[in-house]
Amino acid sequence: EVQLVESGGDLVQAGGSLRLSCVVSGISFDDYAIGWFRQAPGKEREAVSCFRSSDGMTYYPDSVKGRFTISSDNAKNTVYLQMDNLKPEDSAVYYCAAVDAPYYIGDYYFKHPSGYNYWGQGTQVTVSS
């Protein structure tokens, strides 16, 4: 069974940087997707960075493009989210998520929470003005 444990959230001043980590275990198939999502109070959960293994596709919404970067260290079974030039509107609980499937994961589902069935516990990021 897939398990994910994220860490690294903190209180940081606007303009600062954070790196979140997600330790991943239990992926059984070659086709999978890993995503970082965030949810602020009163708002829907949204993707901030996603990766699909079948073609190496990455996705970033315009709100974070150029500031956030997804990467991995396979030897450590860890996925990272590097966040630079943080803004107060980036404040949210951040989650890593995964879907592990013996079939192609379509464009819509790899960019949306409904496409993922494994989730970490979340880590709080707060950006002060």
Side-chain angles (χ1 to χ4, degrees):
E1 183 175 336
V2 176
Q3 292 185 310
L4 307 99
V5 180
E6 64 265 76
S7 61
D10 205 352
L11 172 64
V12 64
Q13 190 175 6
S17 297
L18 284 174
R19 188 178 74 166
L20 306 183
S21 299
C22 178
V23 179
V24 182
S25 63
I27 288 181
S28 301
F29 302 103
D30 290 337
D31 289 338
Y32 64 89
I34 298 287
W36 286 96
F37 295 79
R38 68 186 181 191
Q39 188 165 20
K43 294 185 177 181
E44 296 292 316
R45 189 169 298 187
E46 64 174 345
V48 295
S49 185
C50 303
F51 171 81
R52 182 171 61 194
S53 68
S54 59
D55 56 358
M57 179 72 71
T58 58
Y59 166 76
Y60 301 93
D62 289 342
S63 60
V64 309
K65 194 171 296 182
R67 300 189 298 119
F68 289 14
T69 306
I70 190 170
S71 64
S72 66
D73 184 338
N74 290 339
K76 296 182 178 180
N77 299 118
T78 301
V79 179
Y80 302 100
L81 180 67
Q82 178 67 42
M83 304 185 293
D84 297 319
N85 192 24
L86 284 161
K87 304 175 181 180
E89 53 262 44
D90 295 319
S91 296
V93 177
Y94 283 71
Y95 301 88
C96 60
V99 57
D100 183 17
Y103 51 82
Y104 177 74
I105 301 165
D107 289 353
Y108 175 85
Y109 288 104
F110 109 98
K111 299 175 183 178
H112 290 84
S114 62
Y116 294 78
N117 59 339
Y118 299 104
W119 293 85
Q121 82 285 357
T123 185
Q124 177 71 50
V125 173
T126 303
V127 184
S128 62
S129 299

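Hydrogens, waters and symmetry mates are skipped; everything else that's a heavy atom, side chains included, is used. Here the structure is a predicted model, which means the values were calculated and not measured.
Here the shortest heavy-atom pairing between Val48 and Tyr60 reads O-CD2, 3.5 Å. In this structure, Val125 and Gly9 approach most closely via the heavy-atom pair CG2-CA, 4.0 Å. Between Ala98 and Leu4, the closest heavy-atom pair is CB-CD2, 4.0 Å. Contact record, Arg38 with Ser63: NH2-OG, 3.8 Å, taken as the closest heavy-atom pair. Residue Ala14 comes nearest to Pro88 through the heavy atom pair CB-CD, 4.2 Å, listed as atom of the first residue, atom of the second, then distance. Taking all atoms of both residues into account, the shortest heavy-atom contact from Arg52 to Ile105 is NH1-O, 3.0 Å.
With a 6.0 Å radius and a threshold of 12 heavy atoms from other residues, nucleotides or ligands, Gln124 has its CD atom above the threshold. Taking a 6.0 Å sphere around CD of Glu89, one finds it holds more than 12 heavy atoms contributed by other residues, nucleotides or ligands.
Using a 4.5 Å heavy-atom cutoff, the side chains of Val93 and Arg45 are not in contact. Between Trp36 and Glu6, the closest side-chain pair of non-hydrogen atoms falls below 4.5 Å. In this structure the side chain of Phe68 reaches within 4.5 angstrom of the side chain of Leu81, judged on heavy atoms.
Here the OG atom belonging to Ser53 is positioned 8.5 Å from the CG atom belonging to Asp100, to the nearest 0.5 angstrom. Separating the OG atom in Ser49 from the CZ atom in Arg67 is a distance of 12.0 Å, to the nearest 0.5 Å. Note: Leu11 CG to Ser91 OG = 8.5 Å, rounded to the nearest 0.5 Å.
Linking ILVMFWY side-chain heavy atoms closer than 4.5 Å, directly or via other members, places Val99 and Val24 in two distinct hydrophobic clusters. Tyr59 and Ile70 fall into different hydrophobic clusters, where Ile, Leu, Val, Met, Phe, Trp and Tyr residues are linked whenever their side-chain heavy atoms come under 4.5 Å apart, directly or through other members. No path of Ile, Leu, Val, Met, Phe, Trp and Tyr side chains, each step under 4.5 Å between heavy atoms, connects Leu18 with Phe37, placing them in separate hydrophobic clusters. Ile34 and Val64 fall within a single hydrophobic cluster, where Ile, Leu, Val, Met, Phe, Trp and Tyr are joined by side-chain heavy atoms under 4.5 Å apart, directly or via other members. In the hydrophobic cluster analysis, where Ile, Leu, Val, Met, Phe, Trp and Tyr join through side-chain heavy atoms closer than 4.5 angstrom, Val79 is grouped together with Tyr118.
For the pair Arg19 and Tyr80, the cation-pi test (distance below 6.0 Å, angle within 45°) is passed.
A donor-acceptor pair is defined here as one N or O able to donate and one able to accept, closer than 3.5 Å; such a pair exists between the side chain of Asp55 and the backbone of Met57.
Of the listed residues (Tyr108, Phe110, Tyr109), just one forms a ring-ring contact (aromatic ring centres under 6.0 Å, His included) with His112, and that residue is Tyr108.
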Would you please test Lys87 and Asp90 for salt bridge (charged side-chain N to carboxylate O under 4.0 Å, His left out) and show each step? CA-CA 5 Å; Lys87 304 175 181 180; Asp90 295 319; over 6 Å; no
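Classified by interplanar angle (parallel below 30°, tilted 30° to 60°, perpendicular above 60°), the ring pair Phe51/Tyr32 is tilted.
Counting Ile, Leu, Val, Met, Phe, Trp and Tyr side chains that sit under 4.5 Å apart, directly or through other members, Tyr104 stands alone, with no cluster partners.
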